Enquirer: 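Quick one: the structure is below, questions incoming.
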Amino acid sequence: MLHERRYSCTPGQIKSSGKYPCDISSLGCEEKSKLLATIEQAAAFITTMIFQDGSSQLNSEQASTSSVKGVVVLVKNQTDQPCPPGHTSTGSTWNAANENDKLIYLKTEQSSLWEREQEQAHKKFSWQVLFQMLQCKVPIICFNAKDFLRTLLQIYGNEIGWKQVANSVVLDPRIAAWLINPSDTVPSFECLIQKYFEKPFSKGAENIDTGTLRNVSYQNLGVNLEKLYNVMMDLTHGLKAQGLWNLFCTLELPLIKILAVMETHKIYVNKQELKKTSEILGLRLKELEQQAHEAAGERFLLTSSCQLREVLFDKLKLHTLCEKLHRTEIQQLVSTSEVVLNKLQDLHPLPKIILEYRQVHKMKSTYVDGLRTCMKNGFISSTWNQTGTVTGRLSAKHPNIQGISKHPVTIAKKQYIKGKEEDIITISPRTLFVSKKGCTFLAADFSHIELRILADLSSEPELLKLFQEPEITDIFTTLASQWKGIPIEQVKHADREQAKRIVYSVVYGAGKERLADCLGITPVQASQFIESFMQKYKKVHEFTKKTIKQCRNKGYVVSIMGRKRPLANINAQDYKLRTQAERQAVNFVVQGSAADLCKMAMVKIFASVVISPTLTARLIAQIHDELLFEVEDSQIQEFSALVKRIMESLQQTTALEVPLKVPLKVILTTGKSWGCMTELQEM
DNA sequence: AGCTTAAGAATATGG
DNA sequence: TCCATATTCTTA
């Protein structure tokens with residue numbers, strides 16, 4: 001409350017820059033139209049959200065839990081050269097570097113009842129200002145711009161359509177910093193400033209009052225926004241110098257808007273089914289716990305790998321009956337992981353019970369109960385992180401929709417539900433996600449994307465041939481049939497998955513022990529396989545050697561769209577560190593390039609939908625190589641054709657040698673859930 | 001004694 | 001001594 005007055009400024013004061021932001025609600029009619037005119041001519045906007053607790057996007061470590069109170073905007077009227085560090089913004093108060101720059105405050109919080117009319121007017125004007133900012137194509141610079149855009153969409157959801165944010169140009173220095181080095185995370189604005197702006201400079205007085213005292217931070221907003229602007233300018237130069245500018249502008253910046261829009265979309269979850277499955281899984285867990293205790297001859301905590309280790313190896317001594325069991329990474333204890341338990345399952349009944357217990361427990365705690373904690377009013381909406389990976393991929397949390405189990409868990413025990421007796425119950429968490437009424441989910445995925453990219457980058461003729469033959473519909477199925485010597489029709493899903501794991505393991509440098517563990521074969525057989533693979537696909541091996549060599553020379557590797565990953569250990573003395581960096585280098589080029597393609601697809605599809613007057617399809621999730629949309633039933637044909645065309649045309653866009661294939665899948669049943677997708681026939 | 005925190009292990013996803 | 005994520009749980 002104390003601060004409210006500080007925002008005010010007397011009419012006419014708008015021009016002279018003050019210490020505090022000018023609250024636009026204090027402006028008269030004339031000043032308001034003046035302000036709108038100024039905004040129309042602005043060269044840049046630097047913005048931050050202000051939260052109820054007084055913090056802003058510039059001094060909160062993580063996304064603030066408190067709700068948004070308003071937005072402060074620094075309106076730049078001329079794009080001046082970035083000031084050298086230490087020159088500006090050393091004072092504790094803000095003095096405009098340029099006299100024409102303005103610092104304004106837009107209140108967005110909900111109006112109190114008694115001053116509703118006035119508040120409505122203010123809200124409307126705030127909206128007018130923000131709308132103009134979004135429409136005029138002048139860059140809006142914001143730390144965590146996605147959160148800013150999402151919040152605007154949420155607050156002005158009635159006045160603005162999601163397509164309208166598509167025209168805006170937002171810049172986020174955090175993403176710029178991440179492109180320059182994806183390995184070092186920038187957790188906060190202060191951190192960004194320290195890394196890219198105040199580098200060796202000024203460790204003095206002013207740092208004290210930026211984060212520690214929240215009340216003081218108000219008077220520093222102008223200073224900090226100025227800093228934000230300067231850091232963005234520095235980073236702009238950095239991006240251009242490193243050849244990352246195009247990637248930044250054409251891929252990562254448009255993605256900000258796409259993710260903001262995605263986060264405003266809610267996915268309906270079947271609450272009743274969720275509760276029911278939680279109970280079924282809970283019952284099964286109790287049974288398995290009982291069985292495990294009997295098999296072990298003592299009570300212990302099944303979820304504790306430590307206690308399980310004691311039972312299996314100290315008490316039962318099962319490790320003495322089996323050689324070369326995998327050990328834990330840090331403590332070098334005998335592992336209780338799936339591969340080890342698989343090896344032990346003929347020696348004792350306990351390992352099998354544990355394996356099933358863990359499967360069911362994962363299902364219950366993460367995908368069923370975990371999902372419930374993410375729900376708000378029967379809906380979920382993931383939070384997307386654009387800077388959370390080193391390879392350029394996206395990540396998602398709350399829930400991690402990218403990691404939700406694909407394969408069902410079957411419970412082979414009698415259960416009595418609603419008086420009905422069933423012997424086998426299958427639980428697949430994806431079916432808990434349901435599309436809106438009148439809509440269906442459409443999934444479009446790049447098939448074998450990384451292998452196709454590898455084929456292209458290595459120009460391996462054998463691999464290219466496989467992709468250019470139209471009769472081959474699925475590479476891994478083909479490879480599995482070749483490897484096992486069985487006809488394609490008899491290849492099962494598990495066989496295909498195995499073939500896939502073999503190929504990627506070998507390509508990315510798996511050792512014989514690891515591969516043997518993975519496949520349940522002996523290390524000798526595994527090394528024979530690696531050998532024959534290298535023999536058949538010689539150019540793949542050449543590609544990895546070439547990539548490592550380049551990395552040694554330059555200190556970094558580059559994806560097809562110029563994404564970089566510096567690898568400090570590529571020339572390390574330590575064998576372990578060096579070879580790890582080598583594998584990371586090879587993996588990055590392929591995985592990073594696949595990420596580029598998938599992001600490009602998102603950007604192009606979004607742009608097409610935005611310019612279409614009729615299409616309303618919404619992106620629900622990106623699962624790395626797969627885009628999941630919610631589409632109005634009447635638009636499925638039109639939209640799916642569009643998606644397929646755009647995604648497959650990326651071959652030309654990116655000048656790939658190898659063709660891209662994008663099978664489309666839609667829900668078969670009108671029941672409309674995720675999972676149980678079936679391939680959409682060509683038209 | 002009960003509390004929070006961080007690391008480690010295991011397992012799900014994707015290639 | 002394949003890569004890179006998130007989540008959950010236990011343990012210190």
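Not measured: the values here are computed from a predicted model. Quick note on labels: first sequence line is chain A, next is B, and so on, each numbered from 1.
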Enquirer: Could you check whether any side-chain N or O of A/Asn569 sits under 3.5 Å from a backbone N or O of A/Ala572, counting only pairs where one atom can act as donor and the other as acceptor?
Expert: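 Checking the backbone N and O of A/Ala572 against the side chain of A/Asn569, no donor-acceptor pair under 3.5 Å is found.
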
Enquirer: How close or far is atom C1' of C/dC3 from atom CZ of A/Arg563, stated in whole angstroms?
Expert: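 After rounding, the reported distance stands at 16 Å.
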
Enquirer: List in chain and number order the residues that pass side chain to side chain contact (heavy atoms under 4.5 Å, CB included) with A/Ser447, two or more places apart in sequence or in another chain; answer none if no residue qualifies.
Expert: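 For A/Ser447, the residues satisfying side chain to side chain contact (heavy atoms under 4.5 Å, CB included) (neighbours in sequence not counted) are A/Arg452, A/Lys661, A/Pro663.
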
Enquirer: How many angstroms lie between atom CD1 of A/Ile404 and atom CG of A/Leu371, to the nearest 0.5 angstrom?
Expert: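 CG of A/Leu371 is found 5.5 Å from CD1 of A/Ile404.
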
Enquirer: Could you tell me from which nucleotide to which nucleotide of DNA chain B, 5' to 3', there is an atom under 4.0 Å from chain A heavy atoms?
Expert: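 Nucleotide range with atoms under 4.0 Å of chain A: B/dG8 to B/dG15.
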
Enquirer: Would you mind listing every ring-ring contact (aromatic ring centres under 6.0 Å, His included) that reaches into residues 550-605 of chain A, with sequence neighbours excluded?
Expert: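 Non-adjacent pairs meeting ring-ring contact (aromatic ring centres under 6.0 Å, His included): zero.
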
Enquirer: According to the interplanar angle, ranging from 0 to 90°, do the rings of A/His448 and A/Phe467 count as parallel (below 30°), tilted (30 to 60°) or perpendicular (above 60°)?
Expert: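 Rings of A/His448 and A/Phe467: tilted, 30 to 60°.
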
Enquirer: Is a donor from one side chain sitting under 3.5 angstrom from an acceptor on the other, for A/Thr522 and A/Gln525?
Expert: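 Yes, because at least one side-chain N or O of A/Thr522 sits under 3.5 Å from a partner of the opposite role on A/Gln525.
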
Enquirer: Figure out the CZ/P separation between A/Arg372 and C/dT7, and round it to whole Å.
Expert: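 Rounding to the nearest Å, CZ of A/Arg372 and P of C/dT7 are 18 Å apart.
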
Enquirer: Between atom CZ in A/Phe529 and atom C1' in C/dC2, what is the gap in whole Å?
Expert: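 Going from CZ in A/Phe529 over to C1' in C/dC2 covers 14 Å.
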
Enquirer: Tell me, which of residues 581-606 of chain A have any heavy atom that sits under 4.0 Å from an atom in DNA chain B?
Expert: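 Within this stretch, A/Asn587, A/Gln591 sit under 4.0 Å of the strand.
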
Enquirer: Side chains of A/Glu263 and A/Ser381: any donor to acceptor distance under 3.5 Å?
Expert: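 No pair is found: no donor N or O on one side chain lies under 3.5 Å from an acceptor on the other.
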
Enquirer: Mind checking ring-ring contact (aromatic ring centres under 6.0 Å, His included) for A/His541 and listing every partner two or more places apart, or none if nothing turns up?
Expert: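 Counting only residues at least two positions away or on another chain, A/His541 forms no ring-ring contact (aromatic ring centres under 6.0 Å, His included).
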
Enquirer: Using a heavy-atom distance cut-off of less than 4.0 Å, which residues of residues 388-407 of chain A contact DNA chain B?
Expert: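 Contacting residues: A/Arg393, A/Gln402, A/Gly403, A/Ile404, A/Ser405, A/Lys406, A/His407.
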
Enquirer: Have A/Lys665 and A/Thr678 got a donor and an acceptor in their side chains that come within less than 3.5 Å?
Expert: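 Result is no, nothing qualifies.
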
Enquirer: In whole Å, I'd like the distance from the CD atom of A/Gln580 to the P atom of C/dC2.
Expert: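 The answer, rounded to whole Å, is 10 Å.
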
Enquirer: To the nearest Å, how far apart are A/Glu450 CD and C/dC2 P?
Expert: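 For the pair A/Glu450 CD and C/dC2 P, the rounded distance is 17 Å.
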
Enquirer: Do we see a donor-acceptor contact under 3.5 Å between the side chains of A/Glu450 and A/Tyr508?
Expert: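 Distance-only check passes for A/Glu450 and A/Tyr508.
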
